[in-house]
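Data first, discussion second: the structure below is written as structure tokens.
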Amino acid sequence: MIDPIFLAEAALNGIMLGGILALLALGLNLIFGVIDIVWIAYVDLVMLCMYLVYYLVQVYGWPVWLGALASIALGALLGIGVHLLIITPILGSAPINQLLATGGLLFFLQSFATFLWTTDHKSVRMSLPSFEVGGIFVPLTRLIPFAISIVALIGLYLFLTRTFVGTAIRAVSQDREAMSLMGANPQRIYIVTSAVGGLMAGLAGALLIFQYSVHPFFGGQFGPLTFMICVLGGLGNMVGAFVASFIMSEIISLAGVIWSTEMGYVIAFVVFIVMIFARPGGILARRS
Amino acid sequence: MSLLELTSVTAGYGHFTALWDVALRVERGEAVAVVGPNGAGKTTLLRVISGILPVRAGTLTFDGAALAGRPAHEVVAHGIAHVPEGRRLFPALSVAENLKMGAYLPAARAHYRESLERVWALFPVLAERKAQRAGSLSGGEQQMLAIGRALMSRPRLILLDEPSMGLAPVMVLRLFELIRRIRAEGYTILVVEQNVRQVLKLVDRAYLLEVGRIKMEGRAAELAEQDFVRKAYVGL
């Protein structure tokens with residue numbers, strides 16, 4: 001029998017992981033909901049941002065907060081770059097071409113990273129204390145990124161609901177043509193959306209590098225999981241993706257303690273497959 | 001100079017030509033209707049004016065500016081608001097958010113509060129339902145919201161595409177009454193309608209469009225007497 005304290009600790013770790021997963025899933029889902037293209041290489045952009053923070057903070061000794069800001073800026077730039085260079089030329093083409101193009105970017109980025117930085121795992125070491133609440137250890141290296149994720153998600157929510165541009169982003173995802181009749185240039189809305197999605201990738205990268213080591217194939221670790229969360233939540237459904245992030249992170253975290261980390265992923269994928277059969281439109285979709 | 005002027009406009013989709021050599025003008029403060037049977041090209045005509053569909057040949061000027069070839073989002077900035085066929089609201093956005101999107105352009109945004117007060121005054125039912133999702137409104141309320149959203153951009157010309165479509169007869173009468181009030185506020189209107197008898201009571205002049213060509217034009221009162229009205233009704 002497993003000590004309930006361990007389970008509670010695992011559940012807490014699951015919540016903290018869920019915050020970062022939600023950041024990734026909502027960034028990817030935002031872009032999909034508005035532009036209707038899945039960025040297969042989304043987490044590979046996160047990987048590039050992680051390398052940036054590694055070099056700035058670990059190698060060149062920049063303060064952590066400055067490295068994180070640089071990562072966010074790089075993410076936003078990468079988002080705009082991907083949209084202008086890769087997405088714009090193929091906006092009107094068949095979905096399979098769009099999939100191949102963003103998939104091609106994934107292989108390009110992985111090879112590019114291997115070429116530049118080798119396959120060595122690189123990490124930023126930071127020692128922060130843990131504190132204990134009722135026998136459960138809470139490491140600050142996880143609590144702080146979680147808190148930042150939640151603040152960022154609240155920021156995203158406020159941006160999408162309170163500002164003209166944010167509301168326009170939601171409007172475009174519902175009716176592109178009607179929004180152009182309101183005077184919004186769709187291409188400009190797409191660029192803003194890509195920048196926001198990229199910015200979230202940059203922030204996620206800055207938070208992940210303090211918990212995971214980065215290597216050229218980092219995208220393979222979190223990419224499928226992120227995509228799975230988006231599908232589970234309903235592609236384009238932001239609330240669904242948020243809920244699904246925590247479901248997945250809890251499964252991985254709890255199963256990881258009860259059996260093993262590998263088993264955690266196996267169970268997560270099994271749950272995903274079952275849910276796809278049971279609720280193809282996502283967990284929050286209305287049954288038709 | 002007319003506010004809106006189309007000369008020899010030809011347009012269509014792919015290999016299909018929907019409008020042939022169309023000439024049409026709308027003066028400032030005027031209300032003009034385009035009537036005609038289904039598939040005559042009425043909706044296409046409005047889509048061409050608002051820039052959704054490109055002009056293939058001919059000229060389109062608005063207040064002296066050549067608009068042919070300009071994309072939709074630039075046409076709105078010139079002062080043309082299009083209430084499209086089927087209303088095309090943002091269904092998951094609230095009533096207030098839909099109106100907010102109507103004032104998306106910087107010039108309209110500067111007068112957002114003031115425009116909103118005017119729309120609330122014109123359509124009190126929208127004010128009561130401002131937090132409700134647009135998709136949950138009744139057909140008549142949705143049409144009011146679509147018109148209100150267009151007014152939010154502070155247009156100089158409003159294009160109305162089949163405002164009475166899908167509405168119950170009682171609602172159709174109320175809607176025409178509301179359009180009459182909007183007219184009285186000084187807006188210039190170009191309306192496309194199936195409901196010929198009603199719309200001819202509303203406008204100053206009308207055009208009859210048939211298979212993509214203007215067949216007739218004239219004062220609404222005179223045209224109402226002619227047999228083309230019957231023709232348009234029957235849909236020959």
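Naming convention: chains lettered A, B, ... in sequence-line order (proteins, then strands); numbering from 1 in each chain. Note that these values count all heavy atoms, side chains included, but never hydrogens, waters or copies made by symmetry.
- Surrounding CZ of A/F164 are more than 12 heavy atoms belonging to other residues, nucleotides or ligands, all under 6.0 Å away.
- Counting only residues at least two apart or on different chains, the salt bridge (charged side-chain N to carboxylate O under 4.0 Å, His left out) pairs with a member in residues 120-130 of chain B are B/R129-B/E141.
- Atom CZ of A/F277 has 12 or fewer heavy atoms from other residues, nucleotides or ligands within 6.0 Å.
- Atom-to-atom distance recorded for B/Y104:OH and A/L181:CG is 14.0 Å, nearest 0.5 angstrom.
- Here the side chain of B/K100 pairs no donor or acceptor atom with the backbone of A/A168 at under 3.5 angstrom.
- Scanning residues 51-71 of chain B against chain A with a 4.5 Å heavy-atom cutoff picks out B/I52, ordered by number.
- Between the OG1 atom in A/T167 and the CD atom in B/E97 there is a gap of 5.5 Å [rounded to 0.5 Å].
- The backbone N or O of B/A92 lies less than 3.5 Å from a partner atom in the side chain of A/Q174, making a donor-acceptor pair.
- Residues of residues 105-124 of chain B that come closer than 4.5 Å to chain A, counting heavy atoms only, are B/L105, B/R109, B/Y112, ordered by residue number.
- For B/A77, no part lies near chain A; criterion is any non-hydrogen pair under 4.5 Å.
- One finds the NE2 atom of B/H82 at 10.5 Å from the OG atom of A/S180 (value rounded to the nearest 0.5 Å).
- At a 4.5 Å heavy-atom cutoff, A/R188 makes no contact with chain B through either its backbone or its side chain.
- Most heavy-atom pairs under 4.5 Å with chain A, from the set B/S94, B/A81, B/P91, B/G102: that is B/P91.
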For side-chain contact (heavy atoms from CB on, under 4.5 Å), just list the numbers for B/H73 and A/Q187, CA-CA rounded to whole Å, side-chain angles, deciding distance to a tenth of an Å, and then say yes or no.
CA-CA 11 Å; B/H73 62 266; A/Q187 172 72 346; over 6 Å; no
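- Within 6.0 Å of CZ in B/R156 there are more than 12 heavy atoms belonging to other residues, nucleotides or ligands.
- Side-chain atoms of A/E177 and B/R47, non-hydrogen and from C-beta on, do get closer than 4.5 Å to each other.
- Contacts of B/R87 with chain A are absent, with no heavy-atom separation under 4.5 Å from either backbone or side chain.
- Between B/L93 and A/R170 there is a side-chain heavy-atom pair separated by less than 4.5 Å.
- Identified by a heavy-atom distance below 4.5 Å to chain B, contributing residues of residues 15-27 of chain A are lacking entirely.
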